[in-house]
Amino acid sequence: MKKHIAIQSVLLVLLCITSSFMVSSSFRMSQKTTRFDFTPIVNDSIRFDSIIGKEVKLFKAEVRASYYHDKFNGRKTANGEIFYNSALTAAHKKLPFGTQVLVTNPLNEKSVLVTINDRGPFIKGREIDLSKKAFMDISHSTLKGVLKVNLEIVHPEN
């Protein structure tokens, strides 16, 4: 009888330690992800508030966009910033750093506003690499890693 009580006590202590560890680690994970979790810009019939009064010009139509692999999360981008897959950023071979680009999926008319902070993509036939968040915000399916998109450059107010 005493042996069963001792085993139950040990199991109870292990359960308490395990659950407190799981709660604290999930709390730390939620803190980390919400720290860099930016509110997505959702497309509607009116252009985004952040680009009202700015000139938006078509840069390229029907080009291929992909998204960053998770392994790049936390690494430095070409302009020196730290990359986060939860931010609304993108890589382009030639556009200047800081350029705002409105990326639209013509199949569902969803758009997202991204800022260029890296160079790439370096795979033939791809025009822009989006952060995972930006890609998923406009994607019609999470099964594909490449989309055809329209790119519009947002020019600052004159």
Treat each ILVMFWY residue as a node, draw an edge where side-chain heavy atoms are under 4.5 Å apart, and state whether [X] and [Y] are in one component.
X: Met136; Y: Ile128; value: yes
X: Phe72; Y: Leu88; value: no
X: Tyr68; Y: Leu151; value: no

Pairwise distance [atom1]([X]) to [atom2]([Y]) - rounded to 0.5 angstrom:
X: Arg64; Y: Arg126; atom1: CZ; atom2: CZ; answer: 6.0 Å
X: Leu102; Y: Leu58; atom1: CG; atom2: CG; answer: 10.5 Å
X: Lys76; Y: Ile82; atom1: NZ; atom2: CD1; answer: 6.0 Å
X: Leu95; Y: Ile153; atom1: CG; atom2: CD1; answer: 4.5 Å

Run the numbers on Glu127 and His92 for side chain to side chain contact (heavy atoms under 4.5 Å, CB included), then give the verdict. CA-CA 7 Å; Glu127 182 71 23; His92 193 272; 2.7 Å; yes

Where the side chain of Asn85 meets the backbone of Lys132, is there a donor-acceptor pair that is under 3.5 Å apart? yes

Check for a donor-acceptor pair, side chain of Ser131 on one end and backbone N or O of Ala87 on the other, with a separation under 3.5 Å. yes

Closest heavy-atom pair and its distance - [X], [Y]:
X: Lys60; Y: Val63; result: CB-CG1, 3.7 Å
X: Thr99; Y: Pro96; result: OG1-O, 2.7 Å
X: Glu81; Y: Asn117; result: OE1-ND2, 3.0 Å
X: Asn105; Y: Val149; result: CA-CG1, 4.5 Å
X: Val146; Y: Ser66; result: CG2-CB, 4.4 Å
X: Thr89; Y: Tyr84; result: OG1-O, 4.5 Å

No-hydrogen, no-angle side-chain donor-acceptor test under 3.5 Å, Asn79 and Thr77: yes

Among residues at least two apart in sequence or on other chains, which ones pass salt bridge (charged side-chain N to carboxylate O under 4.0 Å, His left out) with Lys94? none

Across all chains, not counting sequence neighbours, the side chain to side chain donor-acceptor pair (under 3.5 Å) partners of Asn150 are none

Check whether more than 12 heavy atoms from other residues, nucleotides or ligands sit under 6.0 Å from atom NZ of Lys93, and answer yes or no. yes

Any side-chain heavy atom of Leu130 within less than 4.5 Å of one from Val114? yes

Give me the ring orientation class for Tyr67 and Phe135: parallel if the planes are under 30° apart, tilted from 30 to 60°, perpendicular past 60°. tilted

Quick check on side-chain contact (heavy atoms from CB on, under 4.5 Å): which of Val101, Leu113, Val154 does Val56 satisfy it with? Val154

